[in-house]
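Take a look at this one; I'll ask things after.
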Amino acid sequence: MSDIQNELNTVVHTIRNQLNQVSMHTEVAKMLIDQDGNVEKIQQSLNIVLEACVQCDMTLNSLKNSSQP
Amino acid sequence: MTRILLVDDDKTFCHAIAELLFLMKYDVDVVHSVKEASSQLKKAKYNHVLLDFMLPDGSGLHLIDQINDDQPNINITLTTGHPSVKNAMSGFCTGNINYLIKPITKQKLESVLIKPTKSASKIDRHFGHLIGESIAMQKIYPLIERVAKSDANVLLMGESGSGKEVFAQAINHASGSDKALVATNCGAFAKELIGSELFGHEKGAFTGAVAKRIGLFEQAKDGNLFLDEITEMPIEEQPNLLRVLETNQVTRLGSAQATTVNCRVISATNRTTEEIATQNVMREDLYFRLAVFPIHIPPLRNRKEDIPLLVAFFLEGLNTQHGTRITCTPDQLKFLAAYDWPGNVRELKHAIHRAYIMSDPQTDELVLPDDFSSPFTKKPQINTGQDQVGRTIEDVEKDLITQTLKECDNDKTRAAQMLGVSLKTLYNRINKYTKDEIV
């Protein structure tokens with residue numbers, strides 16, 4: 001497998017994990033809202049979602065920079 | 001409660017999924033390596049293991065043999081963020097092993113944690129929902145088959161707990177509709193909200209209408225709408241429902257625009273025909289619109305031969321959910337059949353659930369109570385003989401026939417069998433008493 005392919009696989013894996021954080025914490029926040037759960041916990045989950053979005057953006061930027069000549 | 005062992009070395013992932021599973025009402029234990037998992041499996045019993053494919057001290061696959069040896073009823077789901085291993089993992093996914101690819105959503109989790117009982121069930125369900133091979137049920141199946149193919153409205157009549165919504169689901173299934181049954185309970189709405197629920201409203205149509213709402217009739221377009229406890233709908237709201245049924249047009253509250261709706265209405269009531277006629281709970285014109293095709297659902301006491309099948313079905317669900325093998329003995333089935341089940345199938349289901357909770361882990365058998373009676377149990381009339389003095393034999397016979405017919409839901413063939421007379425004799429007696437009353 002080429003270096004580029006390896007790097008791409010790593011990026012895909014990283015982004016998938018970040019998306020996983022987004023999906024799971026969104027589900028947690030949704031369920032807490034449905035069950036009239038603790039507001040602090042809802043905010044905590046949503047902060048993790050935002051943080052994962054920022055991380056995802058950084059990963060995509062690094063991919064873009066590395067692919068530029 | 002379903003108990004899950006989560007085996008994953010990613011602590012951030014573990015924290016999130018454990019929180020999610022906790023909110024989904026699962027009991028979760030978390031470990032981070034093959035070694036920890038191996039030791040935990042010896043300490044506690046689980047229904048499901050969520051297993052990471054790659055762990056720091058080996059592959060999750062190394063645990064599968066041990067899990068199958070230690071706890072053979074357990075379900076295993078392999079989790080991974082590597083889509084490339086999806087194909088490799090699918091080779092393992094037979095029997096009790098499944099896989100889950102990240103990103104994980106609640107729906108994906110439910111799809112692996114809640115095992116579909118439909119395909120696994122050994123019990124035949126008519127039209128995908130109905131269980132029973134009794135004569136009473138065999139009489140109903142052709143009715144469902146025929147009416148389902150038409151667009152006629154159906155009125156389901158049966159006692160509380162007899163499974164009216166399940167029958168509605170069966171009709172929806174038999175109709176071949178690809179839409180899910182839209183179901184609601186007319187007794188559950190506040191009088192002022194019923195119009196909005198059924199027909200929808202526009203934003204600002206009334207105080208509190210902060211957004212547009214699609215009503216149930218529109219939701220059920222080209223499908224089936226189930227209106228449970230239809231006789232509990234306030235009588236003054238019934239003309240609006242009648243109008244929709246007559247015109248097939250629905251107008252959202254606050255809108256001037258009518259929308260065409262084409263759905264069959266399956267309604268249900270636990271009141272008898274006599275009660276509907278005499279208690280002013282339903283307009284006559286609405287009754288004839290809804291009861292184009294009435295179906296009388298038999299109470300469980302009139303189809304006791306279905307009790308073993310129903311018990312097996314409820315037990316199968318509980319055993320699958322909790323990974324157990326609890327059974328019901330033939331003597332226990334006889335005991336169950338001896339009771340009259342005034343709360344019908346619902347009461348039987350709850351009784352089996354209670355007996356399952358009480359079941360003996362040594363024998364894997366249900367533990368039934370000595371007495372099933374509840375505050376709603378209909379006690380048989382005890383005839384002391386005191387009130388018979390001075391009454392004629394004819395009066396007593398007339399009362400007996402009336403009571404028996406009531407017990408048999410006016411099924412004269414069965415009533416004649418119960419009374420030990422021929423059908424002809426029963427008709428002769430009924431005619432005689434009717435004539436006497438007219439005279």
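Letters go in sequence order (proteins before strands), and every chain restarts at 1.
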TODO: Select all residues of residues 19-30 of chain A having any heavy atom within less than 4.5 Å of some heavy atom of chain B, and report them by number, or 'none'.
DONE: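 A/L19, A/N20, A/Q21, A/S23, A/M24, A/H25, A/E27, A/V28, listed by number.
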
TODO: Counting only heavy atoms closer than 4.5 Å, note whether B/F22 contacts chain A via side chain, backbone, both or neither.
DONE: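 Neither part.
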
Open item on the list: Can you confirm whether more than 12 heavy atoms, excluding those of B/K35, are under 6.0 Å from its NZ atom?
Closed with: no

Open item on the list: Can you confirm whether more than 12 heavy atoms, excluding those of B/Q107, are under 6.0 Å from its CD atom?
Closed with: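 Not more than 12 within 6.0 Å, no.
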
Task: Atom pair CD (B/E19) and CD1 (A/I48), whose distance is rounded to the nearest 0.5 Å - done: 8.5 Å

Task: Minimum heavy-atom distance A/M31-B/L23, with the two atoms named - done: CE-O, 3.3 Å

